[in-house]
There are 2 protein chains.
Amino acid sequence: MKWNELHSDACPVARGLSVIGDRWTMLVVRECFLGIRRFDAMQSRLGITRHVLADRLRTLEADGVLRREAYQDRPVRYEYRLTDRGKALYPILVSLIDWANAHVPLEGESAVTLLSRSTNQPIAPMLIDRNTGEDITTRTVRAVMNEPVPPQDG
Amino acid sequence: MKWNELHSDACPVARGLSVIGDRWTMLVVRECFLGIRRFDAMQSRLGITRHVLADRLRTLEADGVLRREAYQDRPVRYEYRLTDRGKALYPILVSLIDWANAHVPLEGESAVTLLSRSTNQPIAPMLIDRNTGEDITTRTVRAVMNEPVPPQDG
DNA sequence: CATATAGAGTTCCCTTTTGGAACTTATTGG
DNA sequence: CCAATAAGTTCCAAAAGGGAACTCTATATG
């Protein structure tokens with residue numbers, strides 16, 4: 001199977017990754033969340049090749065995660081902004097930051113910390129179920145597949 | 001810059017993605033969360049090439065996300081299980097599923113749904129700050145960088 | 001004995017993607 | 001005229017991915 005065929009896979013993990021699971025893609029999204037909107041700024045900050053950046057921006061736009069907007073004419077130049085679909089990636093990004101800060105240590109402290117705007121203290125992200133208020137863990141939640149699949153447990 | 005250099009990047013997004021941001025990697029992790037532990041089972045379920053699967057398993061083990069365990073001798077055969085570090089990826093996976101179910105639609109219903117074990121109803125994942133109880137959004141949280149944004153030469 | 005199955009990989013070869021650097025195009029400013 | 005800005009493209013070599021066959025240990029079958 002080829003990577004590109006995942007887009008129509010039955011599993012949402014596969015479909016999600018077909019959009020954001022490519023090398024560099026989530027880093028481009030990170031730039032957008034940080035307010036970086038322009039090609040050259042992204043390129044020099046990320047150290048990605050222009051070639052690949054152009055491809056990622058095109059793909060993210062096609063998938064409705066970013067939208068391209070002219071910010072000047074003569075010559076016309078475009079910048080990239082998150083759509084609502086793109087903004088909805090925030091929980092993934094926050095969970096990733098939290099995981100990496102805890103589990104992919106770097107000498108010295110982490111260069112990005114998330115602070116609560118109300119307390120100015122670092123946040124401790126936690127996933128809960130809006131319906132029940134319960135913490136979401138492998139013990140409180142189970143995955144059901146519409147097609148049957150072998151046993152489970154982590 | 002090359003992808004592999006991200007591992008020592010200052011940004012936790014980059015460091016996190018250096019571990020799980022490769023093609024196929026999170027799909028392998030998904031299999032583990034579903035209780036699939038063996039090479040051949042993963043290979044046939046994912047449709048990934050054996051070649052790439054072997055590489056991903058090696059890398060995930062090296063990064064401490066999976067551990068390889070012999071489940072029989074003569075001939076010795078190994079299976080793969082999530083470590084604590086791997087289990088800590090659950091919020092990322094759940095957020096990804098939630099995002100894809102909402103934003104990467106498929107004809108027909110999604111093949112994987114997450115149900116609360118207490119109510120048997122689909123869950124509605126929501127990220128909150130354990131400290132304040134506040135919902136985590138771009139409006140309630142801000143990212144601060146310890147070092148001023150790297151302008152490529154530093 | 002020969003053969004078949006099981007299961008975790010490896011090897012080989014070809015195609016696709018990525019990395020690096022230079023080039024293009026439109027326009028302003030000296 | 002020449003340089004600068006900025007969003008891309010183009011070209012080529014290197015790395016990663018896809019497909020299929022093969023290895024290696026051991027059990028089971030005829």
Side-chain angles (χ1 to χ4, degrees), chain A residues 1-7 9 14 17-28 31-32 35-63 66-81 150, chain B residues 1-7 9 14 17-28 31-32 35-63 66-81 151-153:
Chain A
M1 185 195 250
K2 284 177 194 158
W3 177 259
N4 312 47
E5 295 166 23
L6 290 178
H7 216 296
D9 197 279
L17 291 172
S18 77
V19 176
I20 60 162
D22 244 328
R23 279 183 174 187
W24 296 110
T25 299
M26 277 302 283
L27 286 167
V28 173
E31 292 299 288
C32 294
I36 311 301
R37 304 193 226 282
R38 299 193 183 168
F39 191 95
D40 274 29
M42 290 184 190
Q43 195 271 320
S44 65
R45 286 170 46 91
L46 290 173
I48 190 178
T49 62
R50 310 178 71 77
H51 187 203
V52 172
L53 176 58
D55 175 81
R56 292 300 180 275
L57 289 169
R58 230 182 336 253
T59 305
L60 283 169
E61 194 200 352
D63 285 327
L66 301 182
R67 94 188 107 89
R68 198 168 78 127
E69 230 170 62
Y71 66 89
Q72 72 166 44
D73 302 308
R74 307 196 347 269
V76 61
R77 298 220 187 289
Y78 299 96
E79 62 181 18
Y80 296 86
R81 287 160 175 270
Chain B
M1 185 194 251
K2 285 177 194 157
W3 176 260
N4 312 47
E5 295 166 24
L6 290 177
H7 216 296
D9 197 279
L17 291 172
S18 77
V19 176
I20 60 162
D22 243 330
R23 279 181 173 189
W24 296 110
T25 299
M26 277 302 282
L27 285 168
V28 173
E31 292 300 286
C32 294
I36 311 301
R37 306 193 222 283
R38 300 194 182 167
F39 191 94
D40 274 30
M42 290 183 190
Q43 195 271 319
S44 64
R45 286 171 46 92
L46 290 173
I48 188 178
T49 63
R50 310 178 71 76
H51 187 206
V52 172
L53 176 57
D55 175 81
R56 291 301 179 276
L57 290 170
R58 231 182 335 255
T59 305
L60 284 169
E61 196 200 351
D63 285 327
L66 302 181
R67 94 189 106 91
R68 199 169 78 128
E69 230 169 62
Y71 66 89
Q72 71 167 44
D73 303 309
R74 309 199 342 270
V76 64
R77 298 219 186 292
Y78 298 96
E79 61 182 18
Y80 296 85
R81 287 160 174 269
Q152 187 66 347
D153 34 49

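Heavy-atom basis, side chains included; hydrogens, waters and symmetry copies ignored. Order of the sequence lines sets the chain letters (A, B, ...), proteins ahead of strands, with each chain counted from 1.
Atom CD of A/Gln72 and atom P of D/dG8 are 12 Å apart (whole Å). Residue B/Tyr78 contributes atom OH, which lies 12 Å from atom C1' of D/dT25 at whole-angstrom precision. The distance from atom CG of B/Asn4 to atom P of D/dA16 is 6 Å, rounded to the nearest whole Å. If you take NE2 of A/His51 and P of D/dC12, they are 13 Å apart, rounded to a whole angstrom. As a whole-Å value, the separation of B/Ile48 CD1 from D/dA20 P is 15 Å. Atom CH2 of A/Trp24 is separated from atom P of D/dA16 by 13 Å (rounded to the nearest Å). Between the CZ atom of B/Arg77 and the C1' atom of D/dT23 there is a distance of 12 Å, given to the nearest Å. For B/Gln43 and D/dG17, the CD to C1' distance is 14 Å, given to the nearest whole Å.
In this structure, A/Leu27 CG and B/Trp3 CH2 are separated by 6.0 Å, a value rounded to the nearest 0.5 Å. Note: B/Glu69 CD to B/Glu61 CD = 10.5 Å, rounded to the nearest 0.5 Å. The CH2 atom of B/Trp24 sits 9.5 Å away from the CZ atom of B/Arg56 when rounded to the nearest 0.5 Å. With values rounded to the nearest 0.5 angstrom, A/Arg68 atom CZ is found 5.0 Å from A/Tyr80 atom OH. To the nearest 0.5 Å, the span separating CD1 on B/Ile20 from OG1 on B/Thr59 amounts to 13.5 Å.
If you find the closest nucleotide of DNA chain D to A/Arg37 and to A/Arg23, the one lying nearer the 5' end belongs to A/Arg37. Taking the nucleotide of DNA chain C with the nearest heavy atom to each of A/Val52 and A/Val76, the more 5' of the two is matched to A/Val52.
Within the 4.0 Å cut-off from OP1 or OP2 of D/dT9, at least one side-chain nitrogen or oxygen of A/Arg58 is found. The side chain of A/Tyr71 places an N or O atom within less than 4.0 Å of a non-bridging phosphate oxygen (OP1 or OP2) of D/dA7.
Protein chain A contacts DNA chain C over a range whose 5' and 3' limits, counting nucleotides with an atom under 4.0 angstrom from a non-hydrogen atom, are C/dT18 to C/dT28.
Not a single donor-acceptor pair, N or O on each side, falls under 3.5 Å between the base of D/dA6 and the side chain of A/Arg38.
A distance-only check finds a donor-acceptor pair linking the side chain of B/Ser44 to the backbone of B/Asp40 [under 3.5 Å]. Listed for the B/Glu31 side chain is no donor-acceptor partner under 3.5 Å among the backbone atoms of B/Arg37.
Base engagement by B/Arg50 is indicated by at least one non-hydrogen atom pair under 4.0 Å involving a base atom.
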